[in-house]
Structures are given as C-alpha cells and as structure tokens.
A.B. asks: 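Handing you this structure, nothing more for now.
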There are 2 protein chains.
Amino acid sequence: MSDKNTSKSEVSAEVLTSPFLQAIIKQIRGQDTYGTYRQWSDDLLLKPFIVTKQKKREIPVDGEIDPMTVSRIMIFYRAIAGCIEAETGLLSQVVVDLGHEGFGWALVFSGRLLLVTKTLRDAHRFGFDSLEKLAEEGEKLIAKGIELAQKYPEVGKL
Amino acid sequence: MSDKNTSKSEVSAEVLTSPFLQAIIKQIRGQDTYGTYRQWSDDLLLKPFIVTKQKKREIPVDGEIDPMTVSRIMIFYRAIAGCIEAETGLLSQVVVDLGHEGFGWALVFSGRLLLVTKTLRDAHRFGFDSLEKLAEEGEKLIAKGIELAQKYPEVGKL
C-alpha cells in the first residue's frame with residue numbers, strides 16, 4: 001500500500017514537468033488575482049482536471065454547466081494556444097461556444113487558420129482519467145496545431 | 001408623400017432580389033416548422049433586421065441579449081455560409097459565441113479555413129440601417145469568404 005503511493009507520487013512528479021501541464025498551471029496562477037492559489041501545489045491545481053469514468057457517470061448532463069467546468073475548458077484551450085505560440089510565434093484567439101446541453105465547439109485560431117477545432121459533447125463531464133492522459137491530449141492538439149501553423153504560415157498571419 | 005412611398009417600395013422590391021437577402025429569407029422559412037411565417041411577405045420577414053440608429057440607442061446593452069436577436073445573428077451568418085457554399089461547394093460551420101455583455105465572435109469555417117471572422121460588440125443592438133445596408137454588409141463578407149476559399153482550397157478541405 002505504501003509502495004503503491006510512493007510510485008504514484010513519482011509518476012506525478014515526472015508528468016508535472018510536461019510543458020503543457022506547466023502551461024495550464026501558468027494560466028491558473030496568471031488569473032489568480034486575489035492570490036487564492038498562491039500556497040497551492042501544482043499537483044493540487046491540476047486535480048480538478050482529473051475526472052474518473054466513475055465520477056463522470058455521477059455528473060448529470062442536463063441543466064447548466066458548472067461555471068468552474070467552463071473555466072477549466074477555457075484554461076485547457078488557452079494553455080494549448082500558449083504552447084503553440086511559444087513554438088510558432090503565432091498569437092491566437094480561443095473561442096469556446098457551449099450550448100445549454102453541453103454541446104459545442106472549442107476553437108483556437110490565428111489569422112484565418114484554425115489551429116484547433118474540437119467539438120464538445122457532455123461538457124459537464126470535461127476531465128481526464130489521469131494527469132498523463134491530460135498531458136497526452138493537450139500535446140496531441142498542440143502538435144497538430146504547430147504542424148498546421150508551419151504548413152500554412154500565410155493563412156495563419158492573415 | 002405618395003411619391004416618396006412609391007419610390008421607397010421600388011427600392012425595396014429591387015433590393016429584395018439580392019441573393020444574400022434571399023438566403024436570409026430561405027433560412028427563416030426553412031426554420032418555420034409551424035408555418036408561422038407562411039403568409040408573411042419577404043419584406044416583413046426582413047424587417048426585424050432593420051434597426052435604425054435611433055432605435056439602437058433605445059436598446060439597453062446590459063443584461064441578457066434577446067433570444068430573437070441571437071437567432072437573427074445566427075441566421076445572418078448561416079445565410080452567409082449558404083451563399084459561400086453555393087459559390088464554392090464548401091460546406092461550413094457557423095459558430096456564434098456571445099458573452100452576457102454582448103461581446104463575442106461570429107465565425108464561419110470550412111475545414112481549417114476561417115471564411116468569416118467577426119468580433120461582435122453590443123450584440124443587443126444587432127441590426128442595419130436599411131435593407132440595402134444589410135445586403136451590402138452580407139455581400140461584402142460573402143465576397144471575402146469566397147476569395148479566401150478560392151485562394152486556399154486545400155485548407156478549406158482539411
């Protein structure tokens with residue numbers, strides 16, 4: 001049991017160095033006008049992004065989406081935009097459009113080029129199995145965005 | 001007085017042949033599941049899109065945006081998307097993202113190409129001085145969208 005806990009912490013420490021997870025943390029701390037999270041560890045800041053399958057089943061998808069969940073979705077895509085900018089120099093806009101039903105779009109674009117297009121479903125349940133999955137999903141979208149930005153630089157700068 | 005009215009009607013009749021205004025009318029009639037507008041003239045259907053400067057000043061920009069106004073904004077951009085499709089064959093998505101303050105984005109995109117990007121401000125007051133202005137603004141956005149679609153066909157088909 002104690003062994004299991006140790007190995008779990010080690011994985012977490014390693015994954016926390018992911019540039020994408022660091023970008024999320026930067027987003028959260030950057031918005032922390034009142035210093036609410038100043039004493040919080042990175043690990044703790046990322047915790048709400050982890051929603052197990054079990055927990056997801058418990059979140060109803062009718063009714064309004066929790067504003068904190070909407071804020072996390074914004075942070076997720078802003079962190080992606082930040083990482084693409086760091087690599088390509090392209091400043092981008094993030095638009096998250098969610099209907100009452102939790103369906104919608106997340107878009108990241110620069111000029112006339114869409115760097116990220118993602119349809120959202122059941123946004124009430126936004127979250128990832130683990131920090132590894134969170135990092136993986138973000139890095140996949142970043143890699144695709146960078147690829148597009150480098151392939152169509154002219155469109156990205158319109 | 002009677003002369004003035006006649007000349008006004010003539011202008012209206014002519015402007016109503018605008019492909020963009022016809023696309024708006026098609027959008028409204030297409031959504032008219034219960035036949036509410038079946039007996040309405042085209043002219044009457046377009047009337048709510050005309051909001052004079054005087055009327056705009058009377059619409060408060062605090063509080064929620066009237067759902068009918070949001071619906072008109074959607075129809076406006078869907079009509080643009082429809083006209084671009086008719087010319088280029090590109091099917092596109094329309095995303096209108098409006099905050100409570102009436103600020104936001106209207107986006108029309110196909111593949112990874114943004115055919116229309118428009119920042120919205122004071123969306124509560126969405127409307128045009130005249131049918132001519134409405135047609136003009138739509139046709140300007142359509143022309144730009146077609147130009148982009150033809151210049152970057154590869155990006156539009158991604």
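Numbered from 1 within each chain, the chains take letters A, B, ... in sequence-line order. Small disclaimer: the values here were computed from a predicted structure and weren't measured.
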A.B. asks: Check for me, please, whether A/Phe109 and B/Leu90 land in the same ILVMFWY cluster - side-chain distances under 4.5 Å, paths through other members count.
C.D. replies: no
A.B. asks: Is it the case that one hydrophobic cluster holds both B/Val61 and B/Ile65, taking links as side-chain heavy atoms less than 4.5 Å apart, direct or via other members?
C.D. replies: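 No.
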A.B. asks: Tell me, do A/Leu148 and B/Leu158 make a side-chain contact under 4.5 Å, heavy atoms counted?
C.D. replies: yes
A.B. asks: Any chance you could pull the hydrophobic cluster mates of A/Val51, using side-chain heavy atoms under 4.5 angstrom and chaining through other members?
C.D. replies: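 Via sub-4.5 Å side-chain contacts, A/Val51 links to A/Ile59.
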A.B. asks: Applying ring-ring contact (aromatic ring centres under 6.0 Å, His included), can you list everything that pairs with A/Phe128, at least two apart in sequence or on another chain?
C.D. replies: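 In terms of ring-ring contact (aromatic ring centres under 6.0 Å, His included), with neighbours along the sequence ignored, A/Phe128 is linked to A/Phe76, A/Phe126.
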A.B. asks: So between chain A and chain B, what donor-acceptor pairs come in under 3.5 Å?
C.D. replies:
from     : atom 1 : to       : atom 2 : distance (Å)
A/Arg112 : O      : B/Leu114 : N      : 2.8
A/Arg112 : NH1    : B/Leu114 : O      : 3.1
A/Arg112 : NH1    : B/Leu115 : O      : 3.0
A/Leu114 : N      : B/Arg112 : O      : 2.8
A/Leu114 : O      : B/Arg112 : NH1    : 3.1
A/Leu115 : O      : B/Arg112 : NH1    : 3.0
A/Tyr152 : OH     : B/Glu154 : OE2    : 2.7
A/Glu154 : OE2    : B/Tyr152 : OH     : 2.7

A.B. asks: Taking every heavy-atom pair that is under 4.5 Å apart, which of B/Val116, B/Leu98, B/Leu107 has the most such pairs with chain A?
C.D. replies: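 Sorted descending by pairs with chain A, the first entry is B/Leu107.
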A.B. asks: So do B/Leu113 and A/Leu113 actually touch side chain to side chain, heavy atoms under 4.5 Å?
C.D. replies: no
A.B. asks: Can you hop from A/Val94 to A/Leu114 via hydrophobic side chains spaced under 4.5 Å?
C.D. replies: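 No, A/Val94 does not connect to A/Leu114 through the hydrophobic network.
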A.B. asks: What pairs meet the ring-ring contact (aromatic ring centres under 6.0 Å, His included) rule with one or both residues in residues 55-75 of chain B, with sequence neighbours excluded?
C.D. replies: none
A.B. asks: Verify the cluster assignment for B/Phe103 and B/Val95: are they in a single hydrophobic cluster under the rule of side-chain heavy atoms below 4.5 Å apart?
C.D. replies: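 No, no single cluster joins them.
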